[in-house]
Amino acid sequence: MSKNLDAIKKQERDLREKLFAKTGELLDQVLKYVPTRTVLLVNSMPVKVIAGADGKKSLLINHRPLSTADDCEWVIENYSALTQAVNEHMDPEAEEIIKVIEKTEDLIKKVDNLTQDIP
């Protein structure tokens with residue numbers, strides 16, 4: 001039976017790591033253009049944008065970094081409010097520049113793809 005328990009514990013650990021990784025990726029994308037140290041109000045709760053150890057953007061929730069499954073659940077449950085807080089924080093001029101950046105990145109990818117297709 002201990003092998004079954006060990007297998008279950010490993011599965012739980014692997015799933016938790018996957019949850020942290022995916023939540024981290026989500027936050028990094030959502031917070032991409034928000035400066036580090038910015039405080040956002042998410043459902044009246046202040047959260048601070050930080051750069052994680054891996055260089056990706058993350059949040060301090062209750063004055064501590066994202067570290068538990070409950071923190072990941074909070075991000076998921078408050079995703080809409082988080083994106084609204086990010087959008088409210090963005091300067092309208094910055095939003096226009098971001099659109100230009102994204103369009104330019106897409107065009108670069110298209111040129112790369114076309115270049116690869118040349119015999």
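Values in this document were obtained by computation on a predicted structure and should not be read as measured data.
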I need the minimum non-hydrogen distance between Ala85 and Leu40, along with the two atoms involved. O-CD2, 3.9 Å
Measure the CG-CG distance between Asp112 and Leu107 for me, rounded to the nearest 0.5 Å. 11.0 Å
Other than Ile76, which residues form its hydrophobic cluster under the rule that side-chain heavy atoms must be closer than 4.5 Å? Leu19
For the pair Lys109 and Glu105, evaluate salt bridge (charged side-chain N to carboxylate O under 4.0 Å, His left out) and give the outcome as yes or no after the intermediate values. CA-CA 6 Å; Lys109 287 178 188 174; Glu105 288 173 340; 6.0 Å; no
Derivation and outcome, side chain to side chain contact (heavy atoms under 4.5 Å, CB included), residues Lys99 and Lys103: CA-CA 6 Å; Lys99 288 178 187 175; Lys103 182 177 179 179; over 6 Å; no
Ile101 vs Tyr33, test: side chain to side chain contact (heavy atoms under 4.5 Å, CB included). Steps then yes/no. CA-CA 11 Å; Ile101 289 170; Tyr33 298 109; 3.9 Å; yes
Could you pull out the closest heavy-atom pair between Cys72 and Phe20, with the gap in Å? SG-CD2, 3.3 Å
If we only count heavy atoms from C-beta on, is the Leu59 to Leu66 side-chain gap below 4.5 Å? no
Side-chain heavy-atom pair Leu15, Gln11 within 4.5 angstrom cut-off: yes
Atom CD of Glu12 and atom CD of Glu17: how far apart are they, to the nearest 0.5 Å? 9.5 Å
Would you mind reporting whether Leu27 and Val49 have side-chain heavy atoms less than 4.5 Å apart? no
Thr83 side, atom OG1; Leu31 side, atom CG - distance, nearest 0.5 Å: 10.5 Å
Applied to residues 42-66, the side-chain hydrogen bond (donor to acceptor under 3.5 Å, both in side chains) test, sequence neighbours excluded, yields Asn43-Asn78, Arg64-Ser67, Arg64-Asp71
hydrophobic_cluster_shared for Val75 and Val34, side chain cutoff 4.5 Å: yes
Euclidean distance, Ile50 CD1 relative to Thr38 OG1, rounded to 0.5 Å: 12.5 Å
Give me the atom names and distance for the closest heavy-atom approach of Leu60 to Pro65. CD2-N, 3.4 Å
Side-chain contact, heavy-atom cut-off 4.5 Å: Asp6 with Lys10? no
Minimum-distance pair of heavy atoms, taken over all atoms of Pro46 and Val39: CB-CG1, 3.8 Å
Side-chain touch Glu77/Glu73, heavy atoms, less than 4.5 angstrom: yes
Decide yes or no for Val47 and Trp74: does some side-chain heavy atom of the first lie under 4.5 Å from some side-chain heavy atom of the second? yes
For a 4.5 angstrom cut-off between non-hydrogen side-chain atoms, does Leu26 reach Tyr79? yes
Assess the residue pair Gln84 and Glu88 against the criterion (side-chain hydrogen bond (donor to acceptor under 3.5 Å, both in side chains)); give the C-alpha distance rounded to whole Å, side-chain angles, the decisive distance to 0.1 Å, and a yes or no. CA-CA 6 Å; Gln84 181 179 351; Glu88 288 172 1; 3.1 Å; yes
